[in-house]
Amino acid sequence: MSQEPTVDRRSVLKAAGGAAATMAVAGCLGGDDSDDGGSSDGLLVYGRGADSATLDPQATSSGEDAKVINQVYDRLVHFEAGESTLVAGLAEDYGLEETTTTLTLREGVTFSNGDELTAEDFIATYRRFVDEEYDYFIGTGDEEEDGATQSFYGPYLFGPVESVEATGDYELEIELGKRYAPFLRSLAVFAMAVLPKSEIENDHDFGTDPIGTGPFTFDTWETGNQRIRLSPNEEYWGETPTVDELVFEAIGENSSRAQALGNGEVDIIDGVGAAQSDVIEGYDNAALERTPGMTIGYMAFNMDRVEEFRDRRVRQAISHAIDTQAIVENIYRGLAIQSSQPLPPTVMGHNEDLDPYEYDTDRAQELLDEADLGDGFSFELATMTNPRPYFASPVQTAETVRSNLADVGIDVEINEQSTWDAYLDYTAEGRHDACFLGWISDNADPDNFYSPLLHPGVAVEDVPDGQDWVSFDAEGYNDGSRSAWANTEFMELVTDAQQTYDEAEREEMYLEAADIVHEEAPWVFMTHTEELRGVHERVDGYVIEAIGGPFLNLVELGE
């Protein structure tokens, strides 16, 4: 994604964690159609950790909301089920050349209100999301100005767009302000769902009554029971669902969700941790499915706040002193791999020549001695307390880090914060010395890791000479970058890669970027986690998703 748009990076991270957000709710199992508490024939029940907050794709950055939104709405371009490749969505043909994207829409596609899709629907959708001159603009997202409505995805994904024009009833031309390689992938993100113009201009409430062209249509939302019911869209242009009804059921406790799967009360569950994976693997009637995720979990050094972190040798020493292999084996229990760089192996530009920092306390001590810190120093490590998809047990991990660093004379004070939003605020404002955070990719593009997380957002010429960090207070600072790292070579490389369309050339740039980040160590690279799902034996055709989805129109139910 582009670095230039004004983006609330706290929301970016909120979105990254949303997919595994959990709430303390009563576990209400199964659908009403089942007298015995189990799923009935034709009823597919998807168990998750939390209910949706809204079904308006332009008003949310939550992965939990996206699960339902992706069933009801379509985008112009889709991700292939189980893959990160792009496939046709509402646009059957699409292409990007220089700064111009041209798309040809499918004819005969209808919204659930009966309207036929045309190019004007996308233009109205675009304007609702970002055009403040449009009467039906969703709002700035500024609570003080007009209420928090627009999600960060509007300016984030549409930021490079200068204009959108209909060149025919089913033809679109999108003009970008500059070359921008990730743009087609941006179109596949859930927030780019297409809404009907007629309902936009009726001020329809898409948050509670979604109207899309997707494989399912909305029936009811039982907010008290945290249950959303959908029906198959028999007029769907793509693969029509075979199930009779789809229910999203919120079951807050991970253990209760796993138990519901074993009892046959739900058919698919997500938010599976190591403990639940063991439980599921013990069932005769369900299986644990897993696939490599597109995540990174890391510990960021705040170079703006802690002078010692400005010495690369200190950052490398700490990277050597933390036993990430033991963390993966003992805390993640094999459901993650050690990280050596920001990009997971599933994303183009992952540099296979880079190994994780070896756990080597002697080498760590040597580096600290060279930095005149052989007697150690102290810092605060901020951590969330609730598990995230990229941090299965953050407090336990923090305690391991503290123990490891004590062995080389570094004293760590752990600052646990139980409220996720407050934690994001705390770290976004740069009040941490070091912190745990992570990321789940929006679009499987390497830029989606490097720009939001490690580019400081300031111009190269604004980085002070002889300095590889900037202040959190710098004009235009990207607070998604929790390290304040500002390596100008890296910054130029990432910006050039954004504007390079040759895939091989672009990949070379990211391989080089990974090399720089690895050597400079603005983070301790911790883990890349797997995507885990529990699936009942009566489910066929389910494809676990690392991005997009879930692809529930592909599911068939047996006995």
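For the numbers below, each heavy atom of this structure counts, side chains included, while hydrogens, waters and symmetry mates do not.
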Open item on the list: So that I know where these two stand, are Phe190 and Tyr153 an aromatic pair - ring centroids less than 6.0 Å apart?
Closed with: yes
- [ ] Over 60° means perpendicular and under 30° means parallel, so classify the ring planes of Tyr156 and Phe152, tilted if in between.
- [x] tilted
Open item on the list: How about CD on Gln499, more than 12 heavy atoms from neighbouring residues, nucleotides or ligands closer than 6.0 Å, or not?
Closed with: yes
Open item on the list: Parallel, tilted or perpendicular: which one describes the rings of Phe158 and Phe129, with boundaries at 30° and 60°?
Closed with: perpendicular
- [ ] Verify whether one side chain among Thr60 and Asp65 offers a donor that lies under 3.5 Å from an acceptor in the other.
- [x] yes
TODO: Would you mind checking if Lys67 and Asp270 are paired as a salt bridge, meaning a charged N to carboxylate O distance below 4.0 Å?
DONE: yes
TODO: Show the numbers, then the answer: is there a side-chain hydrogen bond (donor to acceptor under 3.5 Å, both in side chains) between Thr85 and Glu80?
DONE: CA-CA 6 Å; Thr85 50; Glu80 186 170 5; 3.0 Å; yes
Task: Main-chain N/O of Pro389 paired to Thr529 side chain as donor or acceptor, under 3.5 Å - done: yes
- [ ] Under the salt bridge (Lys or Arg N to Asp or Glu O under 4.0 Å) rule, what do Arg533 and Glu531 come out as? Steps first, then yes or no, please.
- [x] CA-CA 7 Å; Arg533 304 287 185 271; Glu531 293 288 341; 3.2 Å; yes
Task: Heavy atoms of other groups near Glu97 CD, more than 12 under 6.0 Å - done: no
TODO: Please check if any side-chain donor atom of Thr100 sits under 3.5 Å from a side-chain acceptor atom of Glu175, or the reverse.
DONE: yes
- [ ] Answer yes or no: does atom CD of Glu133 have more than 12 heavy-atom neighbours from other residues, nucleotides or ligands under 6.0 Å?
- [x] no
Open item on the list: Looking only at the side chains, is there a donor atom on one of Asp209 and Trp221 sitting less than 3.5 Å from an acceptor on the other?
Closed with: no
Task: Taking every non-hydrogen atom, the tightest pair across Ser441 and Ile547 - done: O-CD1, 4.0 Å
TODO: Examine the side chains of Arg179 and Thr99 and answer whether a donor and an acceptor come within less than 3.5 Å of each other.
DONE: no
- [ ] Quick one: do Asn478 and Ser481 satisfy side-chain hydrogen bond (donor to acceptor under 3.5 Å, both in side chains)? Show the steps, please.
- [x] CA-CA 6 Å; Asn478 161 31; Ser481 175; 5.3 Å; no
- [ ] Assess the side chains of Glu201 and Tyr134: does a donor N or O sit below 3.5 Å from an acceptor N or O?
- [x] yes
- [ ] Enter the distance from Leu86:CG to Arg185:CZ here, rounded to the nearest 0.5 Å.
- [x] 4.5 Å
Task: Reported SG-to-CZ distance for the pair Cys435 and Phe301, which is rounded to 0.5 angstrom - done: 10.5 Å
TODO: Determine, using ring centers only, whether Tyr298 and Phe436 are less than 6.0 Å apart.
DONE: no
Task: Asp74 vs Thr213, side-chain hydrogen bond (donor to acceptor under 3.5 Å, both in side chains): CA-CA, chis, key distance, verdict - done: CA-CA 6 Å; Asp74 282 313; Thr213 61; 2.8 Å; yes
Open item on the list: Within this structure, what is the CD1-OH distance for the pair Ile138 and Tyr136, rounded to the nearest 0.5 Å?
Closed with: 15.0 Å
TODO: Please test Ser339 against His528 for side-chain hydrogen bond (donor to acceptor under 3.5 Å, both in side chains), starting from the C-alpha separation and ending with a verdict.
DONE: CA-CA 6 Å; Ser339 171; His528 302 299; 3.2 Å; yes
Task: Pair Asn113-Asp115, side-chain donor/acceptor within less than 3.5 Å - done: yes
